[in-house]
2 protein chains.
Amino acid sequence: MDATDSPIDAALGRAGYRATGARRAVVDLITRRDGHFTAADLVDDAQSRGLRIGRATIFRTLDVLTELRAVERLDLPTGDHAYVACEPAHHHHVICSRCGRSSDADDAGLRAVVRDIERQTGYRIDEHRLELFGLCPDCLARGST
Amino acid sequence: MDATDSPIDAALGRAGYRATGARRAVVDLITRRDGHFTAADLVDDAQSRGLRIGRATIFRTLDVLTELRAVERLDLPTGDHAYVACEPAHHHHVICSRCGRSSDADDAGLRAVVRDIERQTGYRIDEHRLELFGLCPDCLARGST
DNA sequence: CCTGTATTGATACTGAGTATCATCAAGGGG
DNA sequence: CCCCTTGATGATACTCAGTATCAATACAGG
Ligand SMILES: [Mn+2]
Ligand SMILES: [Mn+2]
Ligand SMILES: [Zn+2]
Ligand SMILES: [Zn+2]
């Protein structure tokens with residue numbers, strides 16, 4: 001069990017990327033996070049942990065991780081771009097508007113809906129994105145808003 | 001039939017906004033558009049038509065029109081923010097990746113999917129967004145990519 | 001008309017994301 | 001295990017979307 005043995009290191013290699021210190025550090029920052037986060041959040045995290053990671057590298061690493069589908073980019077209703085850690089299989093996210101945590105929702109029912117829309121509109125649909133916003137069970141219990 | 005008689009003027013009044021010259025001009029620019037467009041597109045349109053509309057006003061008007069649901073904001077896969085003209089009822093958009101035109105898709109099937117996800121995750125879902133990308137019938141006919 | 005107030009637009013500013021480029025380090029071949 | 005090639009890094013400077021400010025203006029309702 002080497003520090004090099006991580007599913008993400010493997011994915012990096014498989015895709016022809018180097019498993020660098022900076023990338024491992026960013027992945028580490030991400031796993032310590034709960035809920036969604038922005039690039040700026042990671043910059044702050046790195047700062048406050050005294051890590052010497054360039055801002056550009058954080059943006060670049062997020063791009064790489066998005067391509068590997070280790071994270072997914074969200075477009076929050078506020079217009080902000082955020083990310084969540086993620087497994088690679090296609091699925092969707094239910095995002096808590098209060099605490100930012102998210103749960104996975106599988107694609108099951110949606111696939112049929114998409115096929116329906118293809119038939120109705122005549123488009124060939126290649127890609128879709130579903131984002132769901134609401135309150136998570138914890139935040140619901142704590143009193144709604 | 002007065003220049004003041006437009007469904008959007010009515011909607012503005014109803015919501016307590018004034019039907020100003022600048023707003024009418026922006027609405028006009030939008031109706032002359034085909035497919036989705038960015039705020040910057042409208043700034044250019046205004047420029048090239050010699051309209052004297054401040055950049056800030058274009059952003060502000062797009063916000064107002066979004067609130068009135070006369071336009072809807074899209075988050076393109078590229079990360080750009082774009083808009084499409086829209087009727088106010090809740091629905092979704094199928095967007096052509098080649099020409100940018102979009103068709104409406106109603107919410108029908110999706111509603112059940114959302115309810116399912118609520119049950120599976122325990123979240124209370126207040127808002128959802130579905131964006132579909134692909135090729136429109138015209139672009140399909142013209143040869144796919 | 002007149003007037004209170006929402007709106008405008010010029011200007012300056014913030015902050016996300018990116019281009020550049022000299023320096024560095026990953027990692028495969030010897 | 002060490003080199004060398006090449007991809008990656010990070011400091012810096014830059015672009016550009018979106019926003020705050022505020023004096024001047026134009027709606028709308030009376
Ligand atoms: Mn996920
Ligand atoms: Mn529409
Ligand atoms: Zn929550
Ligand atoms: Zn098309």
Side-chain angles (χ1 to χ4, degrees), chain A residues 2-6 8-27 29 36-47 49-68 71 73-83, chain B residues 2-6 8-27 29 36-47 49-68 71 73-83:
Chain A
D2 183 328
T4 306
D5 284 10
S6 132
I8 293 193
D9 285 355
L12 283 170
R14 216 175 307 128
Y17 291 109
R18 291 181 182 172
T20 69
R23 285 181 181 147
R24 276 203 277 266
V26 171
V27 169
L29 291 178
H36 57 67
F37 56 88
T38 63
D41 289 335
L42 295 186
V43 173
D44 292 346
D45 289 357
Q47 169 85 56
R49 282 169 179 271
L51 302 178
R52 209 167 245 32
I53 308 177
R55 210 171 68 93
T57 298
I58 290 185
F59 281 95
R60 289 187 287 231
T61 302
L62 283 170
D63 287 345
V64 170
L65 294 178
T66 301
E67 188 192 323
L68 301 182
V71 300
R73 228 192 56 204
L74 305 177
D75 296 293
L76 302 184
T78 62
D80 291 338
H81 289 168
Y83 296 83
Chain B
D2 182 326
T4 306
D5 285 10
S6 132
I8 293 193
D9 286 354
L12 283 169
R14 217 176 306 129
Y17 291 109
R18 291 182 182 173
T20 69
R23 283 179 182 148
R24 276 202 277 266
V26 171
V27 169
L29 290 178
H36 58 66
F37 56 87
T38 64
D41 289 335
L42 295 186
V43 172
D44 292 346
D45 289 358
Q47 169 84 56
R49 282 170 179 270
L51 300 179
R52 210 166 242 32
I53 308 178
R55 209 171 69 93
T57 298
I58 290 185
F59 280 94
R60 288 188 287 231
T61 302
L62 282 170
D63 286 345
V64 170
L65 294 177
T66 300
E67 189 193 322
L68 301 182
V71 301
R73 224 190 61 200
L74 304 177
D75 295 293
L76 301 184
T78 62
D80 291 338
H81 289 169
Y83 297 82

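A, B, ... follow the sequence lines: proteins, then strands. Residue 1 opens every chain. Computed from a predicted model, the values in this text were never measured in an experiment.
Checking D:dA8, D:dC27, C:dT8 against every side-chain atom of B:Arg23, the shortest atom distance belongs to C:dT8. The nucleotide whose nearest atom lies closest to any side-chain atom of A:Ala19 is, among D:dA26, D:dG10, C:dG27, C:dG27. Nearest nucleotide to the side chain of A:Ala40, out of C:dA16, D:dT9, C:dG17: C:dA16.
Rounded to an integer number of Å, the gap from CG of A:Leu51 to C1' of D:dA11 is 17 Å. Following rounding to the nearest Å, A:Asp9 (CG) and C:dA26 (P) show an atom-to-atom distance of 12 Å. The interatomic distance linking B:Arg14 (CZ) with D:dA28 (C1') rounds to 17 Å, in whole Å. Nucleotide D:dA8 holds its P atom 17 Å from the CD1 atom of A:Ile58, rounded to whole Å. Rounded to whole Å, atom P of C:dT7 lies 16 Å from atom CD1 of B:Ile53. Atom pair B:Asp80:CG and C:dA16:C1' shows a separation of 13 Å (rounding to whole Å applied).
If you find the closest nucleotide of DNA chain D to A:Thr57 and to B:Arg18, the one lying nearer the 5' end belongs to A:Thr57. Closest-nucleotide positions on DNA chain C for B:Thr61 and A:Tyr17 were compared, and the one nearer the 5' end corresponds to B:Thr61.
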For nucleotides 18-20 of chain C, give me every protein contact, N/O to N/O, under 3.5 Å, one pair per line with atom names.
none

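The side chain of A:His81 contributes no N or O atom lying less than 4.0 Å from OP1 or OP2 of C:dA16. Side-chain nitrogen and oxygen atoms of A:Thr20 include none within less than 4.0 Å of the OP1 or OP2 phosphate oxygen of D:dG7.
The shortest distance between side-chain heavy atoms of B:Leu42 and B:Leu62 falls below 4.5 Å. Counting only heavy atoms from C-beta outward, the side chains of A:Ile8 and A:Leu65 approach each other to under 4.5 Å.
Ring-plane geometry between A:Tyr83 and A:Phe37 is classed as parallel, the angle between the planes falling under 30 degrees on a 0 to 90 degree scale with a further cut at 60.
Axis orientation changes by 50° from one end of the helix from C:dC1-D:dG30 to C:dG30-D:dC1 to the other, with each end axis drawn from 5 pairs and the value rounded to 10°.
Side chain to side chain, A:Thr38 and A:Asp41 meet the donor-acceptor criterion of an N or O pair below 3.5 Å.
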Worked check of side chain to side chain contact (heavy atoms under 4.5 Å, CB included) between B:Asp75 and B:His81: CA-CA 5 Å; B:Asp75 295 293; B:His81 289 169; 3.0 Å; yes

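Rounding to the nearest 0.5 angstrom, the gap separating the CG atom in B:Leu29 from the OG1 atom in B:Thr61 is 10.0 Å.
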